[in-house]
Amino acid sequence: MSVSLNVNGETRSVDVPAGTPLLWVIRDHLKLTGTKFGCGVSSCGACTVHVDGVPARSCQTYLEDLEGAEITTIEGVESKTASAVFQAWEELNVVQCGYCQSGQVMSAIGLLTENPKPSVQDIEDYMWGNACRCATYQRIRAAVQRASDILEA
């Protein structure tokens, strides 16, 4: 199946079997390896990308559902919100092993795009589906709050 995708603002063509998850197209065919494989069943969030500006689990998003969609990976995310999240992540030393971080960051950007001033409960509810094996959840929550403060300034 030949498909044309808009990934990070570029039109890219791929030829893959129907039913191929977006994750494998991004990693194996487009060689964008910032998006990670975690669980394969949409439970951990490591594979989170944005589809039309909304966080989506790429391991369970199939090419045939993406006609005309704009896909943004961690390599291509650019916005005031993204800059605030990146700055907060660095300031607060969020990353430990780093494996889950691209998914965490993409989800945090999604949250702050929808709700620029989330409560602690809003952050916990929105970020709930992103697993971190190193358990840096307190630093992740603090970084989302810090990014919100940066956006407000």
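Atoms considered below: every heavy atom in the structure, side chains included; atoms not considered: hydrogens, waters and symmetry mates.
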(request) Test Trp89 against Val144 for side chain to side chain contact (heavy atoms under 4.5 Å, CB included), laying out the working first. (result) CA-CA 8 Å; Trp89 245 249; Val144 173; 4.1 Å; yes
(request) Tell me, with the steps shown, if Arg141 and Ile123 meet side chain to side chain contact (heavy atoms under 4.5 Å, CB included). (result) CA-CA 7 Å; Arg141 184 176 52 247; Ile123 296 167; 3.9 Å; yes
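Residue Val77 comes nearest to Ala82 through the heavy atom pair CG2-CB, 4.0 Å, listed as atom of the first residue, atom of the second, then distance. Taking each heavy atom of Thr33 and Glu75 in turn, the nearest pair found is N-OE2, 3.3 Å. The two residues Ser43 and Cys39 have their closest heavy-atom pair at N-SG, 3.2 Å. In terms of heavy atoms, Gly45 sits closest to Asn130 at O-ND2, 3.6 Å. Residue Tyr99 comes nearest to Phe37 through the heavy atom pair OH-O, 2.6 Å, listed as atom of the first residue, atom of the second, then distance. The shortest heavy-atom contact between Ser13 and Ser4 is OG-OG, 3.8 Å.
Ile26 belongs to a hydrophobic cluster with Met1, Val3, Leu5, Val7, Val14, Val16, Leu22, Val25, Leu30, Leu32, Val49, Val51, Leu63, Leu66, Ile71, counting contacts under 4.5 Å between side-chain heavy atoms of Ile, Leu, Val, Met, Phe, Trp and Tyr, direct or through other members.
Considering SG of Cys44 and NZ of Lys36, their distance stands at 12.5 Å, rounded to 0.5 Å. The CD1 atom of Ile140 sits 10.0 Å away from the CD atom of Gln96 when rounded to the nearest 0.5 Å. Atom CG in Asp28 sits 8.0 Å away from atom CG in Leu23 (nearest 0.5 Å). The OG1 atom of Thr73 sits 6.5 Å away from atom CE of Met106, with the distance rounded to the nearest 0.5 Å. Separating the SG atom in Cys132 from the CD atom in Gln101 is a distance of 6.0 Å, to the nearest 0.5 Å. We find the CD-NZ distance between Glu152 and Lys117 to be 4.0 Å, quoted to the nearest 0.5 Å.
Inter-residue side-chain proximity for Pro118 and Leu112 is flagged as met; some heavy-atom pair is nearer than 4.5 Å. Side-chain contact between Val41 and Arg57 is absent, with no heavy-atom pair separated by less than 4.5 Å. A heavy-atom distance below 4.5 Å is found between the side chains of Val120 and Gln145. Under the 4.5 Å side-chain criterion, counting only non-hydrogen atoms from C-beta, Ile109 is not in contact with Gln104.
With Arg27 contributing its side chain and Thr35 its backbone, the two residues share a donor-acceptor pair below 3.5 Å. With hydrogens and angles ignored, the 3.5 Å screen pairs a side-chain donor or acceptor of Ser148 with a backbone N or O of Pro116.
Heavy-atom contacts from other residues, nucleotides or ligands closer than 6.0 Å to CD of Glu64 number more than 12.
Shown here are the ring pair (Phe, Tyr, Trp, His ring centres under 6.0 Å) partners of Tyr62, two or more places apart in sequence or in another chain: there are none. Residues that satisfy the salt bridge (Lys or Arg N to Asp or Glu O under 4.0 Å) test with Arg146, not counting sequence neighbours, are Glu91.
Linking ILVMFWY residues whenever their side-chain heavy atoms come closer than 4.5 Å, directly or via other members, places Leu151 and Phe86 in the same cluster.
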